[in-house]
Amino acid sequence: MPFGFEESRAIDIMTGMMPGGSESGRITPTRRKVSRHDLARRLVDAVRGEIPPRPAAPLYILGMVVVGAAVLCLPALYLAAIGAVGTLTVLHATHDLGVLSGQGMRGRVIIYVLPILAGAALVVTMLKPLFARRRQAPYTSLNPRDEPTLFAFVHAVADVVGAPRPRRIDITCDPNAAAAYRRGLLSLFGGRDLILVIGLPLVAGMNTRQFAGVLAHEFGHFTQGAGMRMTYLIRSIHHWLARVVYERDAWDDAIARICTGGFGIFGLGVQLTVWLARRILWVLMVVSEAISGFMLRQMEFDADRCETLFAGSDAFASTVERLQQLAAGAHLSAMELPERARERRLPDDLPAMMVGLA
């Protein structure tokens with residue numbers, strides 16, 4: 001087994017402190033400190049060995065090609081739907097002028113104009129997900145000069161797995177970790193422009209072996225070559241569909257302001273067309289999830305295999321259980337925070353709160 005250090009907890013990487021004893025399992029630093037240099041050396045020395053690469057199975061390669069082609073067709077179908085709505089609207093505006101002839105001009109004008117307004121509104125709201133800016137989640141990028149021990153440990157794990165070292169490490173308060181291309185599509189074909197995102201609840205709530213196993217899982221994705229690149233495209237499309245279906249953006253805020261202003265009926269009509277556009281996207285999202293499940297499941301299986309080879313099967317089992325506990329703690333924290341905010345008693349340490357509730 002390439003990884004063999006388990007005496008300290010992952011939080012020691014950040015603090016440089018040795019853990020104190022506690023029956024509750026919480027971290028209580030003692031007076032016995034270890035120098036950064038000595039701690040870094042011990043942590044890096046604990047990560048040893050090399051995980052041999054595993055070639056992709058023919059069925060997996062075939063599934064990757066088929067799934068990739070199918071998922072990449074979904075945005076084209078969406079654009080085709082926008083074009084169809086726009087074309088029908090224009091055809092009605094140019095070929096149904098006869099509706100305006102005859103008696104009852106007011107009603108005829110309404111019959112003629114209403115489909116044009118509805119079609120135009122639907123086209124605009126269907127185009128909205130393509131141009132509306134996403135709300136960016138807050139993150140903090142770490143400086144290698146400030147956290148040399150953590151960077152040395154992360155680099156050691158990446159070397160054992162055979163993955164490129166991350167160019168940047170970000171931290172969040174999510175009970176999860178992720179590895180992605182730093183500049184999105186611009187980094188897709190370079191292959192080594194990697195960013196690692198670490199959730200602080202993992203650092204505070206896992207022992208070192210579990211934490212390193214999570215890192216090995218994320219780096220395992222980047223040893224899969226073309227499969228990782230295709231998966232990145234598939235996940236980007238799927239996450240985009242999920243985001244525009246469920247996430248509010250700046251355009252939604254503007255529509256809400258219109259509804260509360262002097263354009264209530266117009267705003268409600270726009271909201272109805274937004275809902276209809278999102279129903280169309282929801283169908284595409286479900287189709288994307290169904291056809292991409294095979295490939296994404298295989299990718300996660302390979303990453304889990306890498307984590308198991310790195311940390312051991314017992315550590316893998318305990319890590320899966322611990323991730324569920326931390327996710328439950330994060331859920332409980334989200335439920336408690338609004339009440340605490342009203343009472344003006346927000347926590348000083350949100351990851352610690354999540355770990356305590358977990």
Side-chain angles (χ1 to χ4, degrees), residues 65-136 183-186 188 230 232-293:
V65 174
V66 174
V67 169
V71 173
L72 290 175
C73 287
L74 293 178
L77 290 175
Y78 186 67
L79 293 176
I82 296 175
V85 174
T87 301
L88 291 175
T89 303
V90 173
L91 289 176
H92 168 73
T94 57
H95 290 75
D96 293 339
L97 293 173
V99 175
L100 299 175
S101 302
Q103 298 179 349
M105 181 58 66
R106 179 178 297 180
R108 290 179 179 275
V109 169
I110 293 176
I111 293 175
Y112 175 75
V113 173
L114 190 59
I116 297 176
L117 294 178
L122 184 57
V123 169
V124 171
T125 53
M126 291 180 73
L127 288 172
K128 176 178 75 71
L130 302 177
F131 300 101
R133 296 183 61 182
R134 180 182 181 183
R135 290 176 171 176
Q136 295 293 330
R183 296 178 295 169
L185 292 175
L186 296 178
L188 190 59
M230 181 60 71
Y232 175 81
L233 291 175
I234 292 174
R235 281 180 165 172
S236 297
I237 294 172
H238 182 70
H239 290 169
W240 173 79
L241 290 170
R243 179 175 65 85
V244 298
V245 169
Y246 294 113
E247 185 178 282
R248 291 176 60 88
D249 52 42
W251 291 35
D252 292 302
D253 294 337
I255 293 172
R257 287 194 296 270
I258 291 175
C259 291
T260 57
F263 304 94
I265 296 177
F266 174 76
L268 290 176
V270 174
Q271 282 187 319
L272 179 61
T273 57
V274 170
W275 177 86
L276 180 59
R278 281 181 167 162
R279 291 305 93 192
I280 297 173
L281 284 166
W282 181 84
V283 173
L284 295 178
M285 182 194 70
V286 172
V287 173
S288 170
E289 186 172 8
I291 63 179
S292 63

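- Thr89 approaches Ile116 most closely through the heavy-atom pair CG2-O, 3.8 Å.
- With Tyr112 contributing its side chain and His92 its backbone, the two residues share no donor-acceptor pair below 3.5 Å.
- Residues passing the side-chain contact (heavy atoms from CB on, under 4.5 Å) test with Leu79, sequence neighbours excluded: Ile82, Leu130.
- Partners of Ala120 under the side-chain contact (heavy atoms from CB on, under 4.5 Å) rule, at least two apart in sequence or in another chain, do not exist in this structure.
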